[in-house]
Amino acid sequence: MSRRRGMMSEQLKEEIAKELGFYDTVQQEGWGGIKSKDAGNMVKKAVEIAQRGMMNKNS
C-alpha cells in the first residue's frame with residue numbers, strides 16, 4: 001500500500017515545526033517521531049496560514 005502525497009510542502013512543514021518548537025525531533029527521528037498533538041497543532045497552524053492567505057486574496 002502506497003502513501004499518498006502530502007498537501008503541505010516540505011519547506012512549509014519545516015517552518016511550522018520550527019515555529020512550534022519540535023523541529024529538532026523531526027531532524028533526529030523524522031516526521032514519524034513527532035507526537036500526535038504536535039502533528040495536530042501543525043495542521044491547525046497550516047489552516048490558519050491558509051485562511052489568512054485567502055482573506056488577503058479577497059481584500
Side-chain angles (χ1 to χ4, degrees):
M1 187 161 124
S2 68
R3 299 189 116 186
R4 60 185 173 154
R5 193 171 149 254
M7 298 298 290
M8 285 192 275
S9 70
E10 197 67 22
Q11 181 182 3
L12 178 60
K13 290 192 298 188
E14 289 175 1
E15 287 177 22
I16 293 172
K18 288 175 186 175
E19 186 175 328
L20 297 177
F22 57 86
Y23 185 65
D24 56 332
T25 301
V26 172
Q27 286 183 307
Q28 293 172 2
E29 302 176 33
W31 290 107
I34 65 172
K35 298 175 185 176
S36 58
K37 181 178 179 181
D38 289 335
N41 288 336
M42 191 168 83
V43 171
K44 182 179 177 182
K45 185 70 172 177
V47 169
E48 289 173 3
I49 292 169
Q51 287 177 333
R52 274 186 271 150
M54 290 175 64
M55 289 172 58
N56 291 337
K57 191 175 183 180
N58 292 331
S59 296

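This is a predicted model, so every value here is computed, not measured.
- To the nearest 0.5 Å, atoms CG (L12) and CE (M42) are separated by 8.0 Å.
- Placement of I16 and W31 within a single hydrophobic cluster is found when ILVMFWY residues are connected by side-chain heavy-atom separations under 4.5 Å, directly or transitively.
- Between V26 and K13, every side-chain heavy-atom pair lies at or beyond the 4.5 Å cut-off.
- Proximity of D38 to T25: side-chain heavy atoms (C-beta onward) are nowhere separated by under 4.5 Å.
- Between atom CG of residue L20 and atom CD of residue E15 there is a gap of 11.5 Å, rounded to the nearest 0.5 Å.
- Between K37 and F22 the shortest side-chain heavy-atom distance does not fall below 4.5 Å.
- Using a 4.5 Å heavy-atom cutoff, the side chains of I49 and R52 are in contact.
- For E29, the CD atom counts as densely surrounded, since its 6.0 Å shell holds more than 12 non-hydrogen atoms of other residues, nucleotides or ligands.
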